[in-house]
Asks: 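A single structure is presented below for examination.
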There are 2 protein chains.
Amino acid sequence: MLPGNVSPVTEEEVAGKPTTAVAGTRWLSQDERAAWLANSALMISLPAALDARMQRESQLTFFEYMVLSVLSEEPDHTMQMSRLAARTSASLSRLSHVVGRLEKRGLLARARIPGPGRRTNTTLTEAGYEVVVAAAPGHVAAVREFLIDELEPHELATLNRIGTAVEAAINRAAGSTSVETSVP
Amino acid sequence: MLPGNVSPVTEEEVAGKPTTAVAGTRWLSQDERAAWLANSALMISLPAALDARMQRESQLTFFEYMVLSVLSEEPDHTMQMSRLAARTSASLSRLSHVVGRLEKRGLLARARIPGPGRRTNTTLTEAGYEVVVAAAPGHVAAVREFLIDELEPHELATLNRIGTAVEAAINRAAGSTSVETSVP
DNA sequence: ACGTCGAACTTGACGCATCAAGTTCTACTC
DNA sequence: GAGTAGAACTTGATGCGTCAAGTTCGACGT
């Protein structure tokens with residue numbers, strides 16, 4: 001459980017309604033606050049739990065696994081950097097660092113794309129593919145244990161909706177980074 | 001949107017049912033997979049977006065804000081380290097580092113608790129309180145913009161349920177860290 | 001009374017993420 | 001055709017988080 005990381009004042013000022021503003025701010029209502037706290041705990045604890053387990057079982061970060069996994073699902077185990085970045089919700093910079101490390105470990109390889117522009121392809125190596133395949137069952141098990149198997153079907157559906165909506169709201173606020181997101 | 005960070009194989013092997021196992025693993029069904037992908041995006045993007053904004057507007061991390069905020073809601077602006085750690089879903093180690101930094105910045109102070117055992121209290125300073133108060137409106141606005149205002153009431157309720165359930169599942173798996181979590 | 005255990009921290013080393021800046025291309029402009 | 005804009009990365013410095021150890025205390029056994 002998380003606390004009231006919401007307003008620096010004590011209960012009394014917040015009252016019941018989701019509206020009102022003491023000094024121009026719409027504070028959170030009781031329900032909103034509770035939902036936000038629960039979500040904070042989820043946001044903080046879930047990635048940490050998954051990271052810890054993947055690290056133990058496969059010497060991979062949650063994010064590294066995502067990268068390898070996305071590549072493994074392409075027919076040719078290959079994807080362009082910027083596209084891979086969009087697919088993993090990561091900045092190009094972050095991806096570049098991670099790919100650099102994974103390349104050093106021999107799990108994937110980079111290659112300039114001949115055409116116009118400065119584009120780079122990333123491809124899984126044999127070793128890389130074997131690592132993902134080996135790590136997958138543990139990953140899925142963890143996802144089930146911590147999240148999926150805890151939820152009812154309608155909760156799953158709602159979670160899907162929420163994730164999508166939030167992602168949209170963030171991209172909207174970011175002024176749209178204008179990267180490919182849809183599957184061709 | 002996020003990709004299939006789930007199974008290293010292509011669609012065909014996963015089929016429709018949430019069950020079945022090619023090699024002993026219960027892979028994710030279409031719906032489960034979709035929900036998981038949406039949740040991944042949420043897990044990754046939301047903290048990042050909040051962190052970035054708080055950093056820009058208040059020179060505070062999302063987590064630093066949480067710490068200060070929790071303290072600000074205590075009547076005496078004081079809380080014991082281990083309790084504060086539980087309230088913020090953080091390890092004692094992480095909290096210790098963060099509190100150290102915030103102390104250096106003059107936003108809070110530590111003091112040994114006289115009684116038995118090795119306990120430490122953390123207290124907001126005047127400056128610290130002013131910082132939270134100043135940062136709060138921006139924080140709430142961001143939370144609303146990215147999450148709360150995007151959701152219908154029933155979605156809020158479900159999110160609450162999900163967060164609680166996940167937190168419970170993780171704590172269960174962790175063999176119970178045995179720290180206080182309930183409010184007295 | 002002495003030693004051991006465990007709880008409650010603290011500290012240091014190391015790794016990963018972020019941000020700002022640099023590079024390498026094409027394309028467009030005047 | 002030189003210059004500028006801009007997309008697609010890459011790189012380096014800095015800072016936060018994690019993990020493993022270390023410290024400091026009381027309690028409990030013998």
Asks: Answer yes when Glu32(A) and Arg26(A) have at least one side-chain N-carboxylate O distance shorter than 4.0 Å, and no when they do not.
Replies: no
Asks: Tell me the interatomic distance from Gln59(A), atom CD, to dG15(C), atom C1', rounded to whole angstroms.
Replies: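 Distance check: Gln59(A) CD to dG15(C) C1' gives 15 Å.
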Asks: Starting from P on dG22(C), measure out to NE2 on His97(A) and report it in whole angstrom.
Replies: 15 Å
Asks: Can you check the Phe62(A) CZ to dG17(D) P distance for me, whole Å?
Replies: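 Result: 18 Å.
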Asks: Within the modelled atom types, does a donor on one side and an acceptor on the other bring the side chain of Ser93(B) and the base of dC19(D) under 3.5 Å apart?
Replies: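 Such a pair exists between side chain and base.
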Asks: With a cut-off of less than 4.0 Å, is there a side-chain N or O of Arg101(B) near OP1 or OP2 of dG17(D)?
Replies: yes
Asks: Does a distance-only test, which skips hydrogens and angles, find a donor-acceptor pair under 3.5 Å between the side chain of Arg118(A) and the base of dT26(C)?
Replies: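 Between dT26(C) and Arg118(A), which were checked side chain against base, a qualifying N/O pair under 3.5 Å is absent.
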Asks: Identify, between Phe63(A) and Pro116(A), the residue whose nearest nucleotide on DNA chain C lies closer to the 5' end.
Replies: Phe63(A)
Asks: Between atom CZ in Arg110(A) and atom P in dC9(D), what is the gap in whole Å?
Replies: 10 Å
Asks: Looking at Arg119(B), I'd like to know whether one of its side-chain N or O atoms comes within less than 4.0 Å of OP1 or OP2 on dG26(D).
Replies: no
Asks: Looking at dA17(C), I'd like to know if its phosphate oxygens (OP1 or OP2) sit under 4.0 Å from a side-chain N or O belonging to Arg94(A).
Replies: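 Answer is yes, contact under 4.0 Å.
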Asks: Tell me, which pairs form a side-chain hydrogen bond (donor to acceptor under 3.5 Å, both in side chains) where one or both residues lie in residues 104-120 of chain A, sequence neighbours left out?
Replies: Glu103(A)-Arg110(A)
Asks: In whole Å, what is the span from the CZ atom of Arg112(B) to the P atom of dC9(C)?
Replies: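 Rounded to whole Å, this separation is 9 Å.
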Asks: With a 4.0 Å cut-off, would you call Arg172(A) and Glu150(B) a salt bridge?
Replies: yes
Asks: Just how far, in rounded Å, is C1' of dT18(D) from CD of Gln55(A)?
Replies: 10 Å
Asks: Could you tell me which non-hydrogen atom of Ala169(B) sits nearest to which non-hydrogen atom of Phe146(A), and how far apart they are?
Replies: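 Heavy atoms of Ala169(B) and Phe146(A) come nearest at CB-O, 3.9 Å.
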Asks: What is the distance from CE of Met81(A) to P of dT11(D), rounded to the nearest Å?
Replies: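 Between P of dT11(D) and CE of Met81(A): 10 Å.
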Asks: Quick check on side-chain contact (heavy atoms from CB on, under 4.5 Å): which of Thr158(A), Leu151(A), Leu156(A) does Thr158(B) satisfy it with?
Replies: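 Of all the options given, the one that passes is Thr158(A).
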Asks: In terms of the nearest nucleotide of DNA chain D, which residue is placed more toward the 5' end: Ala52(A) or Gly117(A)?
Replies: Gly117(A)
Asks: Are OP1 or OP2 of dC9(D) and a side-chain N or O of Ser82(A) less than 4.0 angstrom apart?
Replies: yes
Asks: To the nearest Å, give me how far apart CG (Leu92(A)) and P (dG6(D)) are.
Replies: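 Taking CG of Leu92(A) and P of dG6(D), I get 18 Å after rounding.
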Asks: Closer than 4.0 Å, any side-chain N/O of Ser96(B) to the OP1 or OP2 of dT11(C)?
Replies: no
